[in-house]
There are 2 protein chains.
Amino acid sequence: MNTENIPDIIVSRIPVYLRALQRMSENGITSTSSQELSEKVRISAAQIRKDLSQFGEFGKQGTGYHIPFLMDRLRQILKVDRIWDVAVVGMGDIGHALARYPGFANRGFRVAMCFDSDPAKIGTKVGDFVIRDVANMQADVKEAGIKMAMITVPAAAAQDVVDKLVEVGVCGFLNYAPLSLQVPPGIKVQHIDPAVGLQRMTYYIE
Amino acid sequence: MNTENIPDIIVSRIPVYLRALQRMSENGITSTSSQELSEKVRISAAQIRKDLSQFGEFGKQGTGYHIPFLMDRLRQILKVDRIWDVAVVGMGDIGHALARYPGFANRGFRVAMCFDSDPAKIGTKVGDFVIRDVANMQADVKEAGIKMAMITVPAAAAQDVVDKLVEVGVCGFLNYAPLSLQVPPGIKVQHIDPAVGLQRMTYYIE
DNA sequence: TAGATTGTTAATCGATTAACAATC
DNA sequence: TAGATTGTTAATCGATTAACAATC
């Protein structure tokens, strides 16, 4: 199974395929075709076949794809055939929601630690977590070997938090702060910004 | 100022430029260059100049771009030179966070109504809002003339909610449910899925 | 076998980059 | 004027699509 030098844009579609397959699987469906998957994810069938064929031959001519097998392979490719511990930094409303989000567990992630700088919050509980002092963040994250973090602090604090986490080995960031983060080569950032999402649609509305 | 037939991929970058400009503006900076902006948003200077030139000539040779002027123009292009009312459907943790999100007001949006189907929640307050019964959603949204909605209901309920909102004229959806929505032509959907965001990064981590 | 659907090739399409004349 | 930076062109690069032989 080849996983070398795959274009970023293909990698970014694999989680979408996996999500649709997981949903079909939960509905008791055990096989599918590129055509059927295409209708679910709104990506052309040719594109789906081409994307999947970058990694190996996962289907069978005439019958399509066996869903449990394909899901296994996609999970291996994305390295979510294991559970990744993730830190949440910034326990406002969004941090709160992420700490209790039910959609991580079956997709390869577990919130392992939550941090905030507010003395009024430190030591209080959110879900199963005691909120930790961000002053100990580097030591705690390093000791736990955490590689991924979700950043939900104010814009003014985000870059500093990210720099500190990069220092202790975090290499993937889900950024909710409304700015572009500067990171060294090899460090990955994904942005989530609801206002940007809305602004990408108003252009098209009369 | 031309705003016809602009590729989707260019439109999707404009909110990112605008966000960076807004941040510079708040820091008292009044002019910038494609080179400087490039470093902030991590998009090449040539690309930024090309993108902006699709819409008009917003800069001056030798001196770059006047930030307040450029922001005005980008806001006009994105139609966020006004305030859009947005409905939130599903008042779990994420709906809660969106209803109180401070990042909408200065970027062209205002949460106007919140809906849930849980009798225990209906009538209670979240921030300034009384949670409304989703049974009255179509009438309420139609009467208010709302064009955009954020969907934070469970996956199993999302498509039905969207179908109902399309019927009463909503044409932009920010979807937090973990599935691809099916919508008629002309209706826009943006997806936000933190697990997908994380899965797009684990591929690259050793 | 006949029908269906993959994996792959070649063609098309679109996006990005490099370079520079125009001009502030 | 000299220096800086835009807007734009042409070249390059990469992604998508269409078509079909292979094959289950």
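Hydrogens, waters and symmetry mates play no part in the numbers below; they use all other heavy atoms, side chains included. Each chain gets a letter, A, B and so on, in the order the sequences are listed, and its residues count up from 1. Predicted model, so just to flag it, every value in this text is computed and none were measured.
Counting to the nearest Å, the C1' atom of C/dA4 and the CG atom of A/Leu37 are 17 Å from each other. Protein atom CD1 of B/Ile9 is 10 Å distant from nucleotide atom C1' of D/dA15, rounded to whole Å. A/Glu57 places its CD atom 18 Å from the P atom of C/dT5, with the value rounded to the nearest Å. Straight-line distance from the NZ atom of B/Lys50 to the P atom of C/dG14: 13 Å, rounded to whole Å. Atom-to-atom, CD of A/Glu36 to P of C/dT6 comes out at 10 Å; the value is rounded to the nearest Å. Rounded to whole Å, atom P of D/dT16 lies 15 Å from atom CZ of A/Arg49. Here D/dA15 presents its P atom at 17 Å from CG of B/Asp8, a figure rounded to the nearest Å. C/dT6 atom P lies 17 Å from atom CZ of A/Arg73, rounded to whole Å.
If you check C/dT17, C/dT6, D/dA15 against the side chain of A/Tyr65, the one that comes closest is C/dT6.
With contacts defined as side-chain heavy-atom distances shorter than 4.5 Å, the pair A/Cys171/B/Tyr204 does not qualify. Considering only heavy atoms from C-beta on, A/Val88 stays 4.5 Å or farther from A/Phe129 through its side chain.
Phosphate proximity of C/dT5 to A/Thr63: absent, as no side-chain N or O sits under 4.0 Å from OP1 or OP2. For B/Ser33 and D/dT5, the shortest distance from a side-chain N or O to OP1 or OP2 is not below 4.0 Å.
At the heavy-atom level, B/Ser53 lies under 4.0 Å from base atoms of the strands shown.
Of all nucleotides present, only D/dG7 satisfies the Watson-Crick or G-U wobble test against C/dC20, with each distance under 3.5 Å. The base-pairing partner of C/dG14, taking Watson-Crick or G-U wobble contacts with both distances under 3.5 Å, is D/dC13.
Around atom CG of A/Asn27, more than 12 heavy atoms belonging to other residues, nucleotides or ligands sit under 6.0 Å away.
Toward the 5' end of DNA chain D, the nearer of the two residues B/Gln54 and A/Lys60, judged by each one's closest nucleotide, is B/Gln54. Both A/Ile10 and A/Gln61 lie near DNA chain D, and the one whose nearest nucleotide falls closer to the 5' end is A/Ile10.
The side chain to side chain donor-acceptor pair (under 3.5 Å) contacts involving residues 152-164 of chain B comprise B/Gln159-B/Asp163, B/Asp160-B/Lys164, where partners must be two or more places apart or lie in separate chains.
Shown are A/Asp140, A/Asp118, A/Asp116; of these, the salt bridge (Lys or Arg N to Asp or Glu O under 4.0 Å) with A/Arg132 is made only by A/Asp140.
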